[in-house]
Amino acid sequence: DTAVSQTPKYLVTQMGNDKSIKCEQNLGHDTMYWYKQDSKKFLKIMFSYNNKELIINETVPNRFSPKSPDKAHLNLHINSLELGDSAVYFCASSLQGFANTGELFFGEGSRLTVL
Amino acid sequence: GQQVMQIPQYQHVQEGEDFTTYCNSSTTLSNIQWYKQRPGGHPVFLIQLVKSGEVKKQKRLTFQFGEAKKNSSLHITATQTTDVGTYFCARAGGTSYGKLTFGQGTILTVHP
């Protein structure tokens with residue numbers, strides 16, 4: 001069973017379109033995250049949710065809107081896609097927030113290509 | 001600030017050679033985590049270091065946390081082709097609950 005699963009794995013779309021990526025974890029974790037990995041492999045946190053509550057919202061354009069219907073799901077919706085949004089988006093979860101540090105469990109990633 | 005600097009960015013080695021990546025912070029770290037990402041894969045947790053001067057080993061991998069808790073290293077002895085990938089250190093967020101900040105990563109290539 002996949003612990004953290006994301007769909008879709010690949011997404012190719014035109015500039016200006018709106019798209020969503022879904023994430024689910026079956027680990028019973030309280031905290032979920034979205035990370036963006038650019039072409040240089042740099043991993044940057046975008047959002048963090050703890051028990052459906054938004055905890056971290058980094059400097060991310062408001063075209064990106066996360067939604068957590070329950071603590072096992074964290075979806076990412078992106079409006080008006082731009083070329084610079086092309087990246088791999090990783091969902092992750094942890095048992096607890098980083099205050100006491102828990103390891104992150106990452107999904108397999110969703111590679112978004114904006115043409 | 002909250003960043004961790006990781007060097008080198010790239011490392012090419014011959015199979016059997018050793019490899020080390022370093023992670024440095026200007027501020028004291030509460031702890032440090034290390035992750036490995038295989039090509040085309042996702043980051044996978046390797047280890048967490050918490051105590052000053054801590055040294056932990058996993059087979060051919062040796063992880064160290066500096067005495068001042070401002071730096072850390074990952075050393076691989078006698079690299080194998082299965083070691084290829086990107087190695088990341090990551091620091092917990094201090095006052096930012098739920099934030100793990102990653103270093104830039106070291107991309108390791110092992111030539112057979």
Side-chain angles (χ1 to χ4, degrees), chain A residues 2-6 9-10 23 25 27 29-60 66 68 71 74 88-111, chain B residues 1-11 21 23 28-51 54 56 58 63 65 69 72 84-109:
Chain A
T2 305
V4 182
S5 58
Q6 305 178 218
K9 287 188 170 42
Y10 300 96
C23 180
Q25 54 97 1
L27 298 168
H29 288 169
D30 288 334
T31 310
M32 296 184 71
Y33 316 84
W34 279 109
Y35 276 83
K36 179 181 180 180
Q37 186 171 49
D38 60 25
S39 56
K40 294 184 179 178
K41 300 291 188 182
F42 185 57
L43 270 167
K44 183 171 168 53
I45 190 167
M46 299 173 69
F47 302 103
S48 165
Y49 271 74
N50 181 265
N51 257 322
K52 302 192 296 177
E53 184 185 345
L54 180 65
I55 301 296
I56 290 175
N57 184 348
E58 287 291 284
T59 310
V60 177
S68 182
K71 76 173 195 176
L74 180 61
V88 180
Y89 292 84
F90 284 102
C91 177
S93 72
S94 67
L95 182 60
Q96 54 199 15
F98 296 130
N100 290 319
T101 312
E103 68 178 272
L104 288 189
F105 292 80
F106 282 86
E108 294 185 348
S110 298
R111 181 176 292 276
Chain B
Q2 299 286 312
Q3 290 188 343
V4 283
M5 303 302 294
Q6 197 173 346
I7 55 170
Q9 188 176 356
Y10 302 94
Q11 186 75 59
T21 174
C23 191
T28 302
L29 303 166
S30 56
N31 55 64
I32 193 99
Q33 296 184 10
W34 285 92
Y35 290 78
K36 176 184 178 181
Q37 183 178 18
R38 294 182 186 274
H42 58 279
V44 175
F45 175 82
L46 293 176
I47 209 159
Q48 177 179 289
L49 304 172
V50 178
K51 298 176 184 175
E54 191 170 13
K56 287 188 176 179
Q58 291 178 353
F63 303 85
F65 203 6
K69 299 183 73 173
S72 181
V84 297
T86 304
Y87 292 85
F88 294 97
C89 63
R91 66 170 294 169
T95 55
S96 295
Y97 181 87
K99 183 174 180 178
L100 197 64
T101 301
F102 283 78
Q104 302 94 319
T106 296
I107 300 173
L108 173 64
T109 304

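Lettering of chains follows the sequences in order, A, B, ..., and the numbering in each one begins at 1. The figures that follow rest on heavy atoms only: side chains count, while hydrogens, waters and symmetry mates do not.
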Polar side chain donor-acceptor pair, B/Thr106 to B/Gln11, under 3.5 angstrom: no
Leading residue by heavy atom contact count with chain B [cutoff under 4.5 Å; candidates A/Phe42, A/Tyr49, A/Phe105]: A/Phe42
Donor-acceptor side-chain pairing of B/Thr21 and B/Trp34 below 3.5 angstrom: no
Pairwise side-chain contact, B/Lys56 with B/Gln58, heavy-atom cut-off 4.5 Å (strictly under): no
Heavy-atom pair count under 4.5 Å with chain A, highest-scoring of B/Gly40, B/Pro43, B/Gly103, B/Gly105: B/Pro43
Parallel, tilted or perpendicular, as decided by the 30° and 60° cut-offs, for the rings of B/Phe102 and B/Tyr35: tilted
Contacting region of B/Ile107 [heavy-atom separation from chain A under 4.5 Å]: side chain
A/Phe106 versus chain B, the contacting section by heavy-atom distance below 4.5 Å: both
